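All values derive from a computational prediction rather than experimental measurement.
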Amino acid sequence: MKNRVVVTGMGAITPIGNDVESFWNGLKEKKVGIGRITCFDTTDYKVKLAAEVKDFDAKEYMDLKTSRRMERFSQFAVAAAKEALEDSGICMEKEDPYRVGVCVGSGIGSLQSMEREHKKLLEKGPGRINPLLVPMMISNMAAGNVAIQFGLKGKCFNVVTACATGTHSIGEAFRSIQYGEADVMVAGGTEASITPLGVAGFTALTALSTSEDPLRASIPFDRERNGFVMGEGSGIVVLESLEHARARGARIYGELAGYGATCDAFHITSPAEDGSGAAKAMEMAMKDGGIRPEQVDYINAHGTSTHHNDLFETKAIKAALGAHAYEVSINSTKSMVGHLLGAAGGVEFITCLKTIEEGFVHATAGLEIADEECDLDYTRGEGKAVDVTYALTNSLGFGGHNASLLVKRFE
């Protein structure tokens, strides 16, 4: 018998709020966290907008020396993990630390350190490179720093699957608990890649929106969509076996009931045109959770605001849910926070939990002009009350990576 897995803690650093409550309230209020890029000069850039985290001070979450030994993506992860662990009420002094693990991924790691030290290499030579360049740059250091900060000595790893990173990380942590490798896992994603090289690279790929109107930049499923908006932040949850959570009297936000992961094996950036890979991931998550498609009440779509993603994800939802696709409520959190890349799946999983808890599906902000090829219920206009028992959340990453999680109201 596999262990049932529940969620007992949540933490978030996002462009619309630096804790779960602020983030969720922002979603309900259709607060758009997109604005002019402030962290570098965009004069020579076609792309002027991003969804930056505001008013973040790492010293509020850790001591000054520790913060200086972490790049921004790791700082975000530690901050979100701190909120999630405190929210869960876990007391590590009462836990076997080797039964508490970490799976926190980042799609890229630190572009800031690469850019900074490469400039130094060219101008001053190899002898002037920061000795901490490598441990500050590599993507697994988010997981490592979370483990170090909170004394978590169980299995500690990261998943790197581009924009599917956060969802895969939560899914693999789920499996670790299901099969008895851990009692508790701190899981999610983190990213901070709004840098000159990051924005230039995605611009060259023609993946980013060139709109200069923050309210018409990230517009998933809208006929005028023309690319995604770079975001940053972190979404972290505490997963526990149901037995462990009950033994300590924990508050339970919801149950993680299923996980599906596939690969399109089609193209390095475009999803499969018929949506078959993403559809199969959803089907696997539903099968894993033992439910039928018509039991799904809500889908948090990957919904990037690129032409191909939104069209092919729509086809995937229709393939996975059949006629019920037209009955389910769908939205895109990216319409307000932009695309958090490796962190997207983490914050969107939290959105599913809050949606179930409050019975409210937030609007897809900016969706104004219907696209006849995207003809499902994407929660256009205003959010709405929906009684949600089962929710799916999708993430699709460059390389053809697809991941879906099935979240269930806890009973």
Q | Distance-only polar pair, side chains of Glu348 and Thr393, donor-acceptor under 3.5 Å | A | no
Q | side chain to side chain donor-acceptor pair (under 3.5 Å) partners for Ser106, two or more places apart | A | Glu191
Q.
Between His267 and His308, is the ring centroid distance below 6.0 Å?
A. no
For residues 242-252, which side-chain donor-acceptor pairs fall under 3.5 Å, sequence neighbours excluded?
from, atom 1, to, atom 2, distance (Å)
His244, ND1, Glu240, OE1, 2.6
His244, NE2, Glu95, OE1, 2.7
His244, NE2, Glu95, OE2, 3.4
Arg248, NE, Glu240, OE1, 3.1
Arg248, NE, Glu240, OE2, 3.1
Arg248, NH1, Ser88, O, 3.0
Arg248, NH2, Ser88, O, 2.8
Arg248, NH2, Glu240, OE2, 2.4
Arg251, NE, Tyr253, OH, 3.3
Arg251, NH2, Asp87, O, 3.3
Arg251, NH2, Asp87, OD1, 2.5
Arg251, NH2, Tyr253, OH, 2.5

Check residues 152-164 and write down every donor-acceptor pair under 3.5 Å in which the side-chain atom is one partner and the other belongs to a residue at least two apart or another chain.
from, atom 1, to, atom 2, distance (Å)
Lys155, NZ, Ser176, OG, 3.0
Lys155, NZ, Glu181, OE1, 2.6
Asn158, ND2, Ser139, OG, 3.2
Thr161, OG1, Ala164, O, 3.4
Thr161, OG1, Thr165, N, 3.2
Thr161, OG1, His168, ND1, 2.8

Q. Partners of Asp274 by side chain to side chain donor-acceptor pair (under 3.5 Å), sequence neighbours excluded?
A. Ser276
Q) Between Ala142 and Ala77, what is the shortest heavy-atom contact and its length? A) CB-CB, 4.0 Å
Q: Would you please say whether a donor-acceptor pair under 3.5 Å links the side chains of Asn25 and Ser22?
A: no
**Q.** Pairs meeting criterion salt bridge (Lys or Arg N to Asp or Glu O under 4.0 Å) with involvement of residues 306-316, two or more places apart
**A.** Arg225-Asp310
Q: Applying side chain to side chain donor-acceptor pair (under 3.5 Å), name anything that partners Thr306, two or more places apart in sequence or on another chain.
A: Thr304
Q.
Considering only residues two or more places apart or on different chains, which pairs with a residue in residues 57-101 satisfy ring-ring contact (aromatic ring centres under 6.0 Å, His included)?
A. Phe56-Tyr61, Phe56-Phe76
(Q) Just by distance, no angles: are the side chains of Gln178 and Arg175 close enough, under 3.5 Å, to form a donor-acceptor pair? (A) yes
Q) Under 3.5 Å, is there a donor-acceptor pair between the Thr314 and Tyr378 side chains? A) yes
**Q.** Where at least one partner belongs to residues 396-405, residue pairs that pass side-chain hydrogen bond (donor to acceptor under 3.5 Å, both in side chains), sequence neighbours excluded
**A.** Thr262-Asn402, Asp264-Asn402, Asn394-Ser404
Q: Return the set of residues passing side-chain contact (heavy atoms from CB on, under 4.5 Å) with Ala320 (not counting sequence neighbours), or none when no residue passes.
A: Ala279, Met282, Glu283, Met286
Q: List the atom of Met336, the atom of Gly26, and the distance in Å for their closest heavy-atom pair.
A: SD-O, 3.9 Å
Q: Could you walk me through whether Ser67 and Gln75 pass the side-chain hydrogen bond (donor to acceptor under 3.5 Å, both in side chains) test, one step at a time?
A: CA-CA 7 Å; Ser67 71; Gln75 293 175 348; 4.7 Å; no
Q.
If I compare all heavy atoms of Val237 with all of Phe349, which pair ends up nearest, and what's the gap?
A. CG1-CD2, 3.8 Å
Q. At their closest point, which heavy atom of Ser332 faces which heavy atom of Phe221, and how far apart are they?
A. CB-CE1, 4.3 Å
Q) Of the non-hydrogen atoms in Val337 and Ala51, which two are nearest, and what is the gap between them? A) O-CB, 3.1 Å
Q. Is there a donor-acceptor contact under 3.5 Å from the side chain of Ser113 to the main chain of Met136?
A. no
(Q) Checking Thr195 against Glu115 for the side-chain hydrogen bond (donor to acceptor under 3.5 Å, both in side chains) test, could you report, in this order, the C-alpha distance in whole Å, the side-chain angles of both residues, the deciding distance, and whether it holds? (A) CA-CA 9 Å; Thr195 73; Glu115 293 176 11; 2.6 Å; yes
Q: Only counting residues at least two apart or in another chain, list the ones meeting side-chain contact (heavy atoms from CB on, under 4.5 Å) with Gln295.
A: Ile291, Arg292, Tyr390
**Q.** Non-neighbouring partners of Ser209 that pass side chain to side chain donor-acceptor pair (under 3.5 Å), sequence neighbours left out
**A.** Asn226
Q. Which heavy atom in Ile236 sits nearest to a heavy atom in Ala80, and how many Å separate them?
A. CG1-CB, 3.5 Å
Q: Show your reasoning for whether side-chain hydrogen bond (donor to acceptor under 3.5 Å, both in side chains) applies to Thr379 and Lys384.
A: CA-CA 8 Å; Thr379 319; Lys384 58 187 178 181; 4.5 Å; no
Q.
Can you tell me if Asp57 has over 12 outside heavy atoms packed within less than 6.0 Å of its CG?
A. yes
**Q.** Pairs meeting criterion ring-ring contact (aromatic ring centres under 6.0 Å, His included) with involvement of residues 174-200, two or more places apart
**A.** none
